[in-house]
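Values reported hereafter were calculated over all heavy atoms of this structure, with side chains retained and with hydrogens, waters and symmetry mates removed. Order of appearance sets the numbers: ligands from 1, and atoms from 1 within every ligand.
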Amino acid sequence: MGRVTQVSDLKNGPCMTRRTFLAAAAAVGAAAFLYSNAPAVAAAIENSGKRVVWLRGSGCGGCTSSILNGGNPEILTALGKISLGLAYHDGLMAQQGVFVDGSPAGDAGHNSNILLDGLIDEGKYVLIVEGAILNGPEGSGRYCMSGATPFKQVFMNAAPGASCIIALGTCASYGGVSRLLKAADATGVSFCGTSRLEGAMARYGLSNSVINVPGCPPNPDWLLLTLADVLSGVDVEVDAYGRPKAFFGSAVHESCPRRGAFDRAARDDWFSGGNCLYNLGCKGMLAFADCPSRRWNGGASMCTQSGGPCVACVEPGFPEAFMPFFSKTESRGILEDVDVDTAAKIIIGASVIGAGIHAVKRLAIGESGREDEKGGKR
Ligand code: FSX
């Protein structure tokens with residue numbers, strides 16, 4: 001992560017290093033950032049000649065919906081502002097297929113298979129992958145088909161020519177909800193849960209660089225700003241789970257709008273109150289995302305603000321590590337025997353160093369000073 005790109009090299013405007021670029025993006029949100037920096041990003045993207053190919057595997061479609069619902073800026077304005085060429089997205093393209101309206105479709109303008117093959121031949125695109133990659137049954141990948149081809153094969157065809165891969169959503173990042181069905185043998189692009197070895201890249205012997213933009217669904221800002229970075233040639237600094245630190249560097253608990261209630265030990269035992277949601281299963285201490293400061297739906301609100309306990313949807317262990325969603329964290333054994341107030345202090349410290357759930361658990365156990373059966377500190 002040593003390279004520092006001068007964005008000013010790419011456009012007329014104020015000098016901006018990688019660090020200030022990311023900091024500005026994280027601080028002001030996509031709307032303000034794109035409105036003030038769009039000419040720079042657009043110039044960089046035009047010069048780069050890069051396009052985006054967007055593939056969709058096993059998911060609910062909520063990732064695309066979330067991006068389309070990003071009202072500030074809405075997606076068309078955002079794409080126009082950064083001159084982004086979205087070359088392929090099977091859910092947003094016009095009707096395409098072998099036959100369209102009863103007539104054979106034998107060209108790239110009407111047949112998405114031909115279009116995608118042509119883009120793959122040309123290479124040098126940013127590949128967005130949405131949804132998990134399924135290997136079942138028995139390694140065939142046929143539980144998730146794209147036309148007549150297993151999605152697994154479509155991904156394997158497209159990945160090598162990508163200059164960068166963005167895994168969009170928790171399914172594409174870590175396997176997500178699809179991992180609950182064991183027979184599906186689901187995996188994310190570079191991770192399966194917390195395991196890199198089980199991720200699709202390692203399994204299929206691929207080596208492209210991958211950035212994870214998790215969330216079930218992801219916030220539109222996270223994708224738009226990551227794309228702006230990638231397409232501008234700016235390095236994106238990521239954490240141990242491949243997430244941009246600018247968006248996933250601190251625990252939701254740290255700046256939760258109900259944090260004051262937590263500190264006063266004012267915790268609700270049923271929904272619709274105005275206090276801390278910890279007793280209702282909130283996992284904000286274990287979820288690393290900037291939802292409280294960025295918020296959703298054009299900055300209107302976020303889960304805990306609107307009364308819903310955080311379910312840690314951005315984490316590699318989501319969903320099974322955090323289920324049942326409405327049970328207290330201690331009862332899942334995640335924090336073991338550390339009481340919630342001690343854990344909260346440790347987690348704030350862990351946020352500072354950008355630690356994820358495993359580091360939090362390790363720190364929590366370390367602070368409790370327990371010894372394992374072999375006599376060593378765990
Ligand atoms: Fe997964 Fe996307 Fe959750 Fe859904 O397609 S990240 S199930 S919101 O939408 O992949």
**Item:** Geometric class of the Trp54/His89 ring pair [parallel <30°, tilted 30-60°, perpendicular >60°]
**Value:** tilted
**Prompt:** Are side-chain heavy atoms of Tyr88 and Ile120 found at a separation under 4.5 Å?
**Reply:** no
**Asked** If you measure from each heavy atom of Gly176 to ligand 1, is any distance below 4.0 Å?
**Response** no
**Message:** Quick check: do Phe322 and Val311 have side-chain heavy atoms less than 4.5 Å from each other?
**Reply:** no
**Asked** Is atom 2 (Fe) of ligand 1 less than 2.8 Å from at least one N/O/S atom of Cys171?
**Response** no
**Item:** Val177-ligand 1 polar pair, N/O distance under 3.5 Å
**Value:** no
**Request:** With heavy atoms of Pro217 as the reference, note each atom of ligand 1 found under 4.0 Å away.
**Result:** 8 (S)
**Prompt:** Is it true that Phe271 and Phe326 have ring centroids separated by less than 6.0 Å?
**Reply:** yes
**Nearest neighbour in protein (non-hydrogen) for atom 2 (Fe) of ligand 1** = Cys63 SG, 2.4 Å
**Asked** Is the closest heavy-atom distance from Gly215 to ligand 1 below 4.0 Å?
**Response** yes
**Asked** So among Leu127, Leu168, Ile165, which one has a side chain to side chain contact (heavy atoms under 4.5 Å, CB included) with Val189?
**Response** Ile165
**Prompt:** Hey, is Glu122 close enough to Arg51 for a salt bridge, meaning N to O under 4.0 Å?
**Reply:** yes
**Asked** Can you check whether Gly59 has an N/O within less than 3.5 Å of an N/O in ligand 1?
**Response** no
**Request:** Output yes if Cys60 passes the N/O/S-under-2.8 Å test against atom 3 (Fe) of ligand 1; output no otherwise.
**Result:** no
**Request:** Specify the protein heavy atom at minimum distance from atom 9 (O) of ligand 1: its residue, its atom name, and the distance to 0.1 Å.
**Result:** Gly62 N, 2.6 Å
**Asked** Less than 4.0 Å between a side-chain N and a carboxylate O, is that true for Asp185 and Lys152?
**Response** no
**Prompt:** So does Arg259 pair up with Glu254, basic N to acidic O under 4.0 Å?
**Reply:** no
**Prompt:** How close does the nearest protein non-hydrogen atom get to atom 3 (Fe) of ligand 1, and which residue and atom is it?
**Reply:** Cys216 SG, 2.3 Å
**Prompt:** Against heavy atoms of Thr170, which atoms of ligand 1 measure under 4.0 Å?
**Reply:** 6 (S)
**Asked** Below 4.5 Å, heavy atoms only, C-beta onward: do Ser66 and Asn219 meet side chain to side chain?
**Response** no
**Request:** Find all atoms of ligand 1 within a distance of less than 4.0 Å from any non-hydrogen atom belonging to Gly131, and give their numbers and elements.
**Result:** 10 (O)
**Message:** Tell me the protein heavy atom at minimum distance from atom 5 (O) of ligand 1, and give that distance in Å.
**Reply:** Glu130 OE2, 2.8 Å
